[in-house]
Number of protein chains: 2
Amino acid sequence: MSNSLVDKSLVHLSEAGLRLTKQRKAMLEVLAKAEKPLSAEEAHAELPSGTCDLVTVYRSLEQFDRVGVVQLGVRENGTKVYCLSHGHDHHHHLTCRICGRTERVDICMAEELEQVGRSYGFTELSHVMELFGTCPKC
Amino acid sequence: MSNSLVDKSLVHLSEAGLRLTKQRKAMLEVLAKAEKPLSAEEAHAELPSGTCDLVTVYRSLEQFDRVGVVQLGVRENGTKVYCLSHGHDHHHHLTCRICGRTERVDICMAEELEQVGRSYGFTELSHVMELFGTCPKC
DNA sequence: ATGAGTGCAAATAGTTTGCAAGCTG
DNA sequence: CAGCTTGCAAACTATTTGCACTCAT
């Protein structure tokens with residue numbers, strides 16, 4: 001159970017037809033212990049040195065997102081960030097612009113949004129929502 | 001009336017201490033007639049040729065956002081987009097990943113989000129929310 | 001006239017692509 | 001052993017910065 005999140009994600013990857021490599025496992029471990037969404041560069045920096053190339057992180061995170069193993073977010077400056085889907089319900093974040101402190105926000109209007117999307121005939125709906133502010137210390 | 005949106009925005013800029021230049025006026029006109037949020041590059045492309053440098057568009061849009069004349073959004077790929085605040089209530093968009101078709105979405109949870117932010121002691125709250133999907137034609 | 005704003009060039013940050021070699025199922 | 005994956009290098013896109021010059025107030 002130490003790593004049930006990672007295990008669940010690995011199964012998910014496998015079922016989605018993606019291959020299980022040591023690089024990907026390491027990335028999932030990093031994502032599992034992160035308390036906030038990580039960018040590709042940040043995830044790479046957290047990997048045991050020499051685990052894999054930054055490019056591989058970009059490519060894998062893209063695949064992870066495609067099959068739903070991770071949830072994609074965007075920072076105020078446009079940087080893409082990812083966090084594991086398993087073990088976390090769909091959620092969003094409140095991030096301090098200055099220090100990066102991040103808090104989890106559980107409110108989400110996914111259903112309402114998807115309903116609007118469907119009313120226009122759109123499919124494969126997804127959404128991005130992030131809250132930014134200045135935290136008490138900054 | 002032809003340009004009340006632009007006029008309101010110009011007044012707003014002026015009151016915020018920003019200067020009124022022909023470049024900025026041209027940008028506001030482009031934003032006023034756009035039916036969807038524009039990136040800096042797109043806004044620049046819509047300007048009468050030779051109006052100003054792309055860099056100026058970036059710098060001005062940043063200022064516009066800072067004083068609230070425009071509303072910032074982010075595309076799924078991280079590109080920042082802007083639309084006029086005046087004349088439009090705060091809102092969001094539903095964008096087709098394939099063709100870029102964009103529909104306005106009026107639902108927003110700004111209040112709930114800001115309340116959560118304040119509960120953590122955060123100030124100067126802002127949020128980004130965008131909905132993506134594949135439209136009927138694509 | 002004074003400082004905000006602009007243009008041009010150059011630097012960055014984040015991300016993507018091409019291709020040959022490696023490893024998974 | 002087929003083809004998904006990776007590494008390395010290089011290209012790209014979006015955006016930012018430095019600096020001298022210009023213009024709005």
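Side-chain atoms are counted along with the backbone in the values below, which use heavy atoms only and exclude waters and symmetry mates.
Contacts with DNA chain D (heavy atom under 4.0 Å) in residues 76-84 of chain B: B:Thr79, B:Lys80, listed by number. Near-neighbour residues of DNA chain D inside residues 8-19 of chain A, defined by a heavy atom below 4.0 Å, number-ordered: A:Leu18, A:Arg19. Listed by residue number, A:Glu41 are the residues of residues 23-47 of chain A with a heavy-atom contact under 4.0 Å to DNA chain C. Residues of residues 64-73 of chain A that place a heavy atom closer than 4.0 Å to DNA chain C do not occur.
Looking only at side-chain heavy atoms (C-beta outward), B:Leu31 and B:Cys83 stay at 4.5 Å or farther from each other. No side-chain heavy atom of A:Tyr82 sits less than 4.5 Å from a side-chain heavy atom of A:Pro37. With contacts defined as side-chain heavy-atom distances shorter than 4.5 Å, the pair A:Val74/A:Val81 does not qualify. Taking the side chain as every heavy atom from C-beta outward, B:Phe132 and B:Leu94 never approach each other to under 4.5 Å.
Nearest-nucleotide mapping onto DNA chain C: of B:Thr51 and A:Leu54, the residue sitting toward the 5' end is B:Thr51.
For residues 36-61 of chain B, every residue pair satisfying the salt bridge (charged side-chain N to carboxylate O under 4.0 Å, His left out) rule, not counting sequence neighbours, is listed here: B:Glu42-B:Arg75. Identified under the salt bridge (charged side-chain N to carboxylate O under 4.0 Å, His left out) test for residues 90-112 of chain A, with sequence neighbours left out: A:Glu76-A:Arg97, A:Arg101-A:Glu103, A:Arg104-A:Asp106. For residues 129-138 of chain B, there are no salt bridge (charged side-chain N to carboxylate O under 4.0 Å, His left out) pairs, not counting sequence neighbours.
Side-chain atoms of B:Thr21 do not come within 3.5 Å of backbone N or O of B:Arg19 as any donor-acceptor pair. With hydrogens and angles ignored, the 3.5 Å screen pairs no side-chain donor or acceptor of B:Ser39 with any backbone N or O of B:Lys80.
Residue contacts for A:Gln63: at a heavy-atom cut-off of 4.0 Å it reaches the sugar-phosphate backbone alone, with no base atom in range.
Between B:Ser85 and B:Gly68, the closest heavy-atom pair is OG-O, 3.0 Å.
Between A:Leu18 atom CG and A:Ser60 atom OG the span is 8.5 Å, to the nearest 0.5 Å. Between the OG1 atom of A:Thr123 and the CZ atom of A:Arg118 there is a distance of 11.0 Å, given to the nearest 0.5 Å. If you take CD on B:Gln115 and CG on B:Leu113, they are separated by 10.0 Å, rounding to the nearest 0.5 Å. Annotation: the span from B:Leu131 atom CG to A:Tyr120 atom OH amounts to 10.5 Å, rounded to 0.5 Å.
Taken together through direct or relayed side-chain contacts under 4.5 Å among Ile, Leu, Val, Met, Phe, Trp and Tyr, A:Leu28 and A:Leu20 form part of one hydrophobic cluster. Clustering ILVMFWY residues whenever any of their side-chain heavy atoms sit less than 4.5 angstrom apart, transitively, puts A:Ile107 in the very cluster that holds B:Leu125.
Put simply, the residue from A:Val30, A:Leu38, A:Thr51, A:Leu47 that forms a side chain to side chain contact (heavy atoms under 4.5 Å, CB included) with A:Val57 is A:Leu47. With A:His86 as the fixed residue, the side-chain hydrogen bond (donor to acceptor under 3.5 Å, both in side chains) test singles out one of A:Gln71, A:His12, A:Lys8: A:His12.
Along DNA chain C, the stretch of nucleotides lying under 4.0 Å from any heavy atom of chain A spans, 5' to 3', C:dG14 to C:dG25. When DNA chain D is scanned 5' to 3' for any atom under 4.0 Å from a heavy atom of chain B, the first and last hits are D:dA14 to D:dT25.
In the helix from C:dA1-D:dT25 to C:dG25-D:dC1, the terminal helix axes, each the rotation mapping four pairs' C1' atoms onto the next four within five end pairs, subtend 50°, rounded to 10°.
Looking at residues two or more places apart in sequence or on another chain, you find a ring-ring contact (aromatic ring centres under 6.0 Å, His included) between B:His127 and B:His90, B:His92. Judged as a salt bridge (Lys or Arg N to Asp or Glu O under 4.0 Å), and not counting sequence neighbours, A:Glu29 has no contacts.
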